[in-house]
There are 2 protein chains.
Amino acid sequence: MILDSETKAVELPDDHGTELRLWLRLLTCTTLIEGEVRSRLREKFDVTLPRFDLMAQLDKVSDGMTLSDLSKRMMVSNGNVTGLVERLVESGHLDRRTSETDRRVQFIRLTKTGRAEFRKMAAEHEKWIADVFGDLSPKDIRELMRLLAKAKGSAQRSAKARNA
Amino acid sequence: MILDSETKAVELPDDHGTELRLWLRLLTCTTLIEGEVRSRLREKFDVTLPRFDLMAQLDKVSDGMTLSDLSKRMMVSNGNVTGLVERLVESGHLDRRTSETDRRVQFIRLTKTGRAEFRKMAAEHEKWIADVFGDLSPKDIRELMRLLAKAKGSAQRSAKARNA
DNA sequence: GCCAATTGCTTGAAGTTTAAAGAAATTGCA
DNA sequence: TGCAATTTCTTTAAACTTCAAGCAATTGGC
């Protein structure tokens with residue numbers, strides 16, 4: 001243990017162990033919950049998590065969204081979205097139509113069926129998540145929200161600095 | 001807004017919106033950081049995140065680990081680990097040897113080169129993570145650690161209940 | 001000892017993901 | 001206008017991932 005002149009524990013200048021442990025814990029939590037959601041989606045609705053996530057993005061809007069929008073919001077690559085959308089159009093959940101002003105752009109929407117199916121899944125999903133966080137008090141949740149918002153801001157700042 | 005008899009805002013019995021928002025925020029944070037780490041690993045060391053993660057598990061022990069151990073610790077499927085290990089043995093980072101008491105079991109270790117390479121990457125990685133969380137105070141970090149531990153426990157309870 | 005159940009790992013199919021390269025269309029600026 | 005840069009989307013190859021099925025070895029009753 002290293003002590004400073006006032007006999008208080010201090011960190012070594014290059015010890016970033018606490019941040020690393022925080023990251024590992026964050027990752028563990030997310031992986032755990034994600035795995036749980038994935039299992040349940042497959043089990044109850046025979047749908048994959050990426051498809052659910054994509055539909056969730058589309059359900060937020062009424063009039064559709066471009067592939068680029070989807071890719072940004074989902075934080076995955078363009079090519080990835082191309083494939084996902086393709087399969088979901090194939091299965092009748094989505095609908096695509098080319099923009100009239102820019103022929104590169106495709107507007108993607110949920111079909112009637114797609115939206116209905118998604119809403120059913122989303123209702124269940126919300127209950128699962130509530131149960132997953134069931135041991136947390138409202139205050140815990142507020143605090144977590146606040147701290148994660150701060151963490152998100154910090155991470156964005158860090159990422160931005162690297163790409164500058 | 002719904003108010004109870006003492007004029008205090010209350011939630012609808014089935015509104016689990018706060019938990020859902022918490023989950024989305026947790027997911028966003030993790031995805032953001034994971035993407036950042038992935039990019040940097042590729043850029044600076046030309047290594048993928050899954051390989052780094054696997055080596056990180058092995059670096060914690062001196063004498064090796066079985067595939068099952070790896071799969072449990074990494075929270076991924078068995079088949080996944082089989083493939084990752086295969087490629088890392090191929091590239092000379094890992095070493096495998098069959099147990100003498102149970103011929104189903106394979107002990108996996110980092111090779112000398114593998115460990116040296118990993119240590120170099122890990123040192124950088126730790127700095128990146130410290131920067132990612134750079135805006136958080138020590139108190140923020142402690143609080144996040146505590147709340148995430150609670151969330152993890154809650155999620156485990158929930159998962160366990162489902163599989164019971 | 002026998003054999004059913006379990007455990008450790010591999011395989012194969014389907015799907016997801018990234019990175020990189022490329023095609024098509026639009027934009028902006030000289 | 002002309003054309004270089006940018007944007008949108010697709011394509012490709014390689015890797016990653018899960019799930020389910022299967023094989024080989026071990027374990028635990030009996």
Side-chain angles (χ1 to χ4, degrees), chain A residues 30-32 34-55 57 64-91 93-94 96-108 163, chain B residues 27 30-32 34-55 64-91 93-94 96-108 163:
Chain A
T30 302
T31 306
L32 194 59
E34 205 172 62
E36 191 59 19
V37 171
R38 186 193 307 281
S39 296
R40 297 201 198 194
L41 281 176
R42 175 173 295 274
E43 217 171 85
K44 317 256 175 181
F45 300 110
D46 193 34
V47 74
T48 65
L49 183 52
R51 287 179 200 204
F52 179 81
D53 285 343
L54 195 149
M55 288 195 273
Q57 292 301 329
M65 204 180 257
T66 69
L67 290 179
S68 291
D69 288 339
L70 278 170
S71 143
K72 268 171 218 140
R73 283 174 185 256
M74 297 177 70
M75 296 194 274
V76 300
S77 68
N78 260 338
N80 188 352
V81 173
T82 294
L84 275 172
V85 166
E86 199 173 290
R87 287 183 286 272
L88 282 166
V89 167
E90 179 64 29
S91 64
H93 294 86
L94 304 187
R96 65 202 311 175
R97 103 196 112 79
T98 304
S99 163
E100 285 165 13
T101 61
D102 185 339
R103 277 181 299 167
R104 289 168 305 178
V105 176
Q106 310 249 354
F107 290 106
I108 313 296
N163 298 318
Chain B
L27 191 54
T30 301
T31 307
L32 194 61
E34 204 174 64
E36 192 58 21
V37 170
R38 187 193 307 279
S39 295
R40 297 200 199 195
L41 281 175
R42 174 173 296 274
E43 217 171 86
K44 317 256 175 183
F45 300 110
D46 194 33
V47 74
T48 65
L49 183 53
R51 287 179 198 200
F52 179 81
D53 285 343
L54 195 151
M55 289 194 271
M65 204 180 258
T66 69
L67 289 181
S68 292
D69 290 340
L70 277 171
S71 143
K72 268 170 218 138
R73 283 173 186 259
M74 295 177 71
M75 297 195 276
V76 298
S77 68
N78 260 337
N80 188 353
V81 172
T82 295
L84 275 172
V85 165
E86 198 175 292
R87 287 183 287 270
L88 281 165
V89 167
E90 179 64 27
S91 64
H93 293 86
L94 303 187
R96 64 202 313 175
R97 104 195 111 81
T98 304
S99 163
E100 286 166 11
T101 59
D102 184 339
R103 277 180 297 169
R104 291 169 305 178
V105 176
Q106 310 246 355
F107 290 107
I108 313 295
N163 298 318

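Order of the sequence lines fixes the chain letters, A, B, ..., with proteins taken first and strands second; residue numbering starts at 1 for each chain.
B:Ser99 comes within 4.0 angstrom of nothing in the nucleic acid, heavy atoms only. Heavy atoms of B:Thr98 sit nowhere under 4.0 angstrom from any nucleic acid atom. If you check every strand for non-hydrogen atoms under 4.0 Å, A:Ser71 touches nothing.
Annotation: the span from A:Gln57 atom CD to A:Met65 atom CE amounts to 6.0 Å, rounded to 0.5 Å.
For B:Glu34 and D:dT17, the CD to C1' distance is 13 Å, given to the nearest whole Å. For the pair B:Arg103 CZ and D:dT27 C1', the computed distance is 15 Å after rounding to whole Å. In this structure, CG of B:Asp46 is placed 11 Å from P of D:dA15, rounded to the nearest angstrom. Rounding to whole angstrom units, CZ of residue A:Arg104 and C1' of D:dT6 are separated by 8 Å. Computed from coordinates, the B:Leu54 CG to D:dC16 P distance equals 10 Å when rounded to whole Å. A straight line from CG of B:Leu70 to C1' of D:dT17 spans 16 Å, rounded to a whole angstrom. Put simply, NZ on B:Lys72 is 12 Å from C1' on C:dC9, counting in whole angstrom units.
Remark: B:Glu90 CD is loosely packed, at most 12 non-hydrogen atoms of other residues, nucleotides or ligands lying under 6.0 Å away.
Partners of B:Glu36 according to the side-chain hydrogen bond (donor to acceptor under 3.5 Å, both in side chains) rule, which considers only residues two or more places apart in sequence or in another chain, are A:Arg162, B:Arg40. Applying the side chain to side chain contact (heavy atoms under 4.5 Å, CB included) criterion to B:Arg87, with sequence neighbours excluded, gives B:Arg51, B:Leu84. For A:Arg38, the side chain to side chain contact (heavy atoms under 4.5 Å, CB included) partners at least two apart in sequence or on another chain are A:Glu34, A:Leu49. In this view, A:Thr66 and A:Asp69 satisfy the side-chain hydrogen bond (donor to acceptor under 3.5 Å, both in side chains) rule, not counting sequence neighbours. Residues satisfying the side chain to side chain contact (heavy atoms under 4.5 Å, CB included) test with A:Thr31, not counting sequence neighbours, are A:Leu27, B:Met75.
Closest-nucleotide positions on DNA chain D for A:Gly35 and A:Asp102 were compared, and the one nearer the 5' end corresponds to A:Asp102.
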> How does protein reach along nucleotides 10-21 of chain C, written 5' to 3' as B (base within reach of a heavy atom under 4.0 Å), S (only sugar-phosphate), or - (no contact)?
Replying inline: BB----SSBS--
